[in-house]
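No hydrogens, no waters, no symmetry mates; every other heavy atom, side chains included, goes into these values.
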Amino acid sequence: MKRLSIWMFLVLVFGLVLSACAPSSGSSAGETSQESQGNAQTGCLGSADTALVDLQCRKITVAVENAYMPFNYILVATGEPGGWDYDALREICTRLHCEPVFVEAAWDGMIQAVADKQYDMAADGITITEDRKQIVDFSIGYISINQRLLVRKGETRFASIEEFAANEALVLGTQINTTNYETAKKYLPESRIKGFEQFAFAVQALISGDVDAVIIDETAGQGYRGENAEKLELIGPSISSDELGFIFPKGSDLVEPFNKAIEAMKADGTLDRLNQKYFGPDFKLTESDVK
């Protein structure tokens, strides 16, 4: 689903891709396997007069994990959902005259659920890969990110993934069924990789000393670091560079209008401002602030 502390070193290749899709035939929020405690109903946004493409107030079910800062989360204090995905998709629907309906879903199985048309789309910071393109359609990329090592402050045993791999006593944490896990397997045997259902759990394992590092998207790592600057830091060069996009069922008629909205947001600076809000130094939420 990502936040960091060395905000000024965050190299964001801001691209765009927001999605607010319309419910495909046979799909509805009620049919999803896991409905959200934090459904964010916003109503129809924008107007037919100003829409880049008029989707005529279509309701678009958007799968989100609600556990991947800063893309999506639930605030402990209010129980309300928030994050980059929520703001981006509302902005997109404002430009396309549609209604985003956010539905909480577990990461494991999310992509297949979209492929099966249980949702009209999914957000959640999904890396664009050739394998995933076989079962879902992607929007254009909205950001390029680097995979990095998140470690406890003052780590001196290694300074790169190669040095980490050379020390057989070290264990690496990450989230299962992610490109981060696939990257980890390129360097380490799976016996030295500890998989977690959510990145928040991997980060807690790192803080408690159960793993020695977490391989994570830089944007996510910055966010989890947040106010934990005294405990955590990102080290080493980029391990892999990836582009993120929204996913849709194959053949979805939402891809083209969403791409137009993303391009427009890129051109007028909206995407840059949104990325700065969630991936810049003013983003202060930590894992203790969210469920």
Side-chain angles (χ1 to χ4, degrees), residues 1 16-48 50-75 78-107 110-111 113-114 117-126 136-143 244-249 252-266 270-271 273-275 277-278:
M1 92 114 262
L16 307 108
V17 75
L18 312 116
S19 3
C21 322
S24 37
S25 60
S27 83
S28 72
E31 295 174 352
T32 58
S33 59
Q34 191 175 7
E35 291 197 17
S36 171
Q37 62 177 348
N39 275 355
Q41 310 295 347
T42 58
C44 184
L45 301 174
S47 69
T50 60
L52 294 171
V53 177
D54 184 9
L55 295 183
Q56 300 179 336
C57 286
R58 283 171 62 177
K59 290 186 177 181
I60 298 167
T61 53
V62 185
V64 290
E65 194 177 0
N66 279 340
Y68 193 35
M69 282 197 306
F71 290 94
N72 49 73
Y73 47 80
I74 301 293
L75 291 170
T78 64
E80 292 297 316
W84 189 95
D85 290 333
Y86 285 88
D87 281 4
L89 287 166
R90 287 169 180 147
E91 177 65 27
I92 289 173
C93 263
T94 297
R95 296 172 186 243
L96 298 178
H97 195 212
C98 57
E99 177 181 352
V101 179
F102 298 94
V103 184
E104 186 175 295
W107 166 252
M110 183 184 292
I111 295 175
V114 172
K117 299 184 179 180
Q118 295 181 38
Y119 310 99
D120 297 311
M121 62 171 291
D124 224 57
I126 301 174
V136 294
D137 285 341
F138 276 90
S139 66
I140 57 175
Y142 54 78
I143 190 173
L244 308 183
F246 297 115
I247 61 170
F248 306 83
S252 172
D253 65 343
L254 293 171
V255 177
E256 184 175 351
F258 276 64
N259 284 347
K260 288 183 178 180
I262 292 166
E263 292 287 11
M265 290 169 65
K266 181 178 180 180
T270 300
L271 189 62
R273 290 191 292 272
L274 189 60
N275 288 336
K277 174 181 177 180
Y278 285 100

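- At a threshold of 4.5 Å between non-hydrogen side-chain atoms, the residues Leu254 and Leu55 count as touching.
- Distance check, rounded to the nearest 0.5 Å: CG of Leu96 to CZ of Arg58 gives 10.0 Å.
- When all heavy atoms of Ala122 and Val114 are compared, the pair lying nearest together is CB-CG2, 3.6 Å.
- Cysteine sulfur proximity is not satisfied for Cys93 and Cys44, their SG distance being 2.5 angstrom or more.
- At least one side-chain heavy atom of Ile111 sits under 4.5 Å from a side-chain heavy atom of Ile126.
- Side-chain atoms of Tyr86 and Asn66 form a donor-acceptor pair, as typed in the model, at a separation below 3.5 Å.
- A distance of 4.5 Å separates CD1 in Ile140 from CG in Asn259, rounded to the nearest 0.5 Å.
- Rounding to the nearest 0.5 Å gives a distance of 10.0 Å between CD of Glu263 and CG of Leu271.
- When the side chain to side chain contact (heavy atoms under 4.5 Å, CB included) test is applied to Thr270, the partners found at least two apart in sequence or on another chain are Glu91, Arg95, Met265, Asp268, Arg273.
- Interatomic distance, CG of Asn275 versus CH2 of Trp84, reported as 6.5 Å (0.5 Å rounding).
- With a 4.5 Å cut-off on side-chain heavy atoms, Tyr278 and Asp87 count as touching.
- Considering every non-hydrogen atom in both Leu45 and Pro100, the closest pair reads CD1-CD, 4.0 Å.
- Once rounded to the nearest 0.5 Å, the distance linking CE of Met121 with OG1 of Thr61 reads 9.0 Å.
- Closest approach of Val255 to Phe248, counting heavy atoms only: CG2-CD1, 3.6 Å.
- Side-chain atoms of Tyr119 and Val64, non-hydrogen and from C-beta on, never get closer than 4.5 Å to each other.
- Taking every heavy atom of both residues into account, Ala261 and Leu52 meet most closely at CA-CD1, 3.8 Å.
- For the atom pair His97 NE2 and Ser47 OG, the distance stands at 6.0 Å (nearest 0.5 Å).
- Of all the heavy atoms in Pro249 and Lys117, the pair that sits closest is CB-CG, 3.8 Å.
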